[in-house]
Number of protein chains: 2
Amino acid sequence: MELCKTFFIPKKLRKKQTLLLEGDICIYNAFIEKGILRSFYIDEKGNEHLVQFAIEGWWITDLSSFLTNSHSIYTIEALEDSELLLLTTAAREALMDQIPMFERYQRLLLQNAYIANQARINSALTETAEEKYINLGNAYPGIVKRVPQHMIASYLGLTPETLSRVRKQISIKS
Amino acid sequence: MELCKTFFIPKKLRKKQTLLLEGDICIYNAFIEKGILRSFYIDEKGNEHLVQFAIEGWWITDLSSFLTNSHSIYTIEALEDSELLLLTTAAREALMDQIPMFERYQRLLLQNAYIANQARINSALTETAEEKYINLGNAYPGIVKRVPQHMIASYLGLTPETLSRVRKQISIKS
DNA sequence: AAATTCTATTGATTTAAATCAATTAAAATT
DNA sequence: AATTTTAATTGATTTAAATCAATAGAATTT
């Protein structure tokens, strides 16, 4: 554990500060010790799309940029004051060499992320606005409570107005 | 290469035959030498949802079921007569032990699949029916040409009627 | 505390895609 | 080749969600 820690760079971010800006190359894979971050991008029409939330114990990066040293299309930003442990590509390789458990851990993380993304695709393609919101709340109550509503809407591919109406409907029903 | 081949079980599937049935445990990761397969599931309302296509040189499995020995929610079926090389969990582990390149290759595959899924999420959440169809055709022309149109519709989360109209619109424009 | 910015709600209207229904076209099976 | 099954198209209508617009409510900042 002590050995492991030497590979990481601690970093604090204040709310609204960024770990990665669109167009830059993502050189870190960030483990979140405290706080919450999001990644997002802005499309040609100027609309913002929320790609990922990440809370304590999760990792966040632009995997495509991080792995291939390509320019990122995403921005990663803290939604609360946060404490991170940063891993550079080099440190990650070194960790995987020296601690086999870590390679296994990374593979498991990626597998879980892949499976979670598969579920998100199914949700995006087949569920109604109400189902999307309820299912997200069940799967990640910590996130839904903690984040502005319009960001949840963006994550689900809904407008803020639609999500507001969906919430009203749900509250009337119960 | 010769060593590598001994780990695989060759298998031929005729069109419409299945590699995996919903409810079963997925014990194979299948490499496609020839042909094309799809994975899909049927929801509570009886609607079929196409999860994945896979052609020559690709892999197909229910990763969740394969990795955790859980019951699959997907069915995997050949859309043409196909030739596969099957890898059991045990053979996969052995291959990764004995041929380090193979572990690296598997990790790269998973990374690419993750990144592709991320793109599919963005598409599903933000694009119009027409954009989805055009972008899919650009990314995977081989698949769009080779597969019944209603399956493309299902993959994109559209009804067959909508896809038919989208195609008509595109043909009128050009 | 006042002002500004950000966030959520509500109403009216539009729009993209789904649904329902019928018909035509193509493919597979006998 | 004839029949059956499967696939694609087209039309009419409905519906879920987006858009446009205004207002109200919170949270920050000065």
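Sequence lines set the chain letters: A, B, ... in the order given, protein chains first and strands last, and positions in each chain run from 1.
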message = Using modelled atom types and a 3.5 Å cut-off, is there a donor and acceptor pairing between side-chain atoms of A/T75 and backbone atoms of A/E22?
response = yes
request  = Quickly, which of A/K34, A/E33, A/Q17, A/E83 forms a side chain to side chain contact (heavy atoms under 4.5 Å, CB included) with A/K12? Name it, please.
outcome  = A/E83
query = Any side-chain N or O of B/K168 less than 4.0 Å from the OP1 or OP2 oxygen of D/dT9?
reply = no
ask   = So, B/S82 side chain and B/E80 main chain: donor-acceptor pair closer than 3.5 Å or not?
value = yes
message = Need two values: the first and the last nucleotide of DNA chain C, 5' to 3', having an atom under 4.0 Å from any heavy-atom of chain A.
response = C/dT7 to C/dA12
Considering only nitrogen or oxygen atoms on both sides, find all protein atoms under 3.5 Å from nucleotides 25-30 of chain D and state each distance.
from, atom 1, to, atom 2, distance (Å)
D/dT28, OP1, A/K15, NZ, 3.4

query = Using the ring of each side chain (for Trp, its six-membered ring), is A/Y140 parallel, tilted or perpendicular to A/W58, with breaks at 30° and 60°?
reply = perpendicular
inquiry  = Please list, in numerical order, the residues of residues 154-165 of chain B that have a heavy atom closer than 4.0 Å to any atom of DNA chain C.
reply    = B/G157, B/L158, B/T159, B/E161, B/T162, B/R165
query = Got a donor-acceptor contact below 3.5 angstrom from the B/T18 side chain to the B/L21 backbone?
reply = no
query = Judged by atom type as modelled, is there a donor-acceptor pair below 3.5 Å linking the side chain of A/S72 to the main-chain atoms of A/C26?
reply = no
inquiry  = Short of 4.0 Å, heavy atom to strand atom, which residues of residues 123-142 of chain A count as contacting DNA chain C?
reply    = none
ask   = Can you name the residues that form a salt bridge (Lys or Arg N to Asp or Glu O under 4.0 Å) with B/E127, not counting sequence neighbours?
value = none
ask   = When you look at A/Q106 and B/R107, which way does the side-chain hydrogen bond (donor to acceptor under 3.5 Å, both in side chains) test go after all the steps?
value = CA-CA 10 Å; A/Q106 288 278 303; B/R107 202 178 71 220; over 6 Å; no
request  = Evaluate the side-chain proximity of A/I32 to A/W59: yes if any heavy-atom separation is below 4.5 Å, no if none is.
outcome  = no
task = For the residue pair A/E130 and A/K173, establish whether any side-chain heavy-atom pair is separated by less than 4.5 Å.
result = yes
remark   = Across all chains, not counting sequence neighbours, the ring pair (Phe, Tyr, Trp, His ring centres under 6.0 Å) partners of A/Y41 are A/H49, A/Y74
ask   = Looking only at atom types and distance, does a side-chain atom of A/T126 sit under 3.5 Å from a main-chain N or O of A/N122, one as donor and one as acceptor?
value = yes
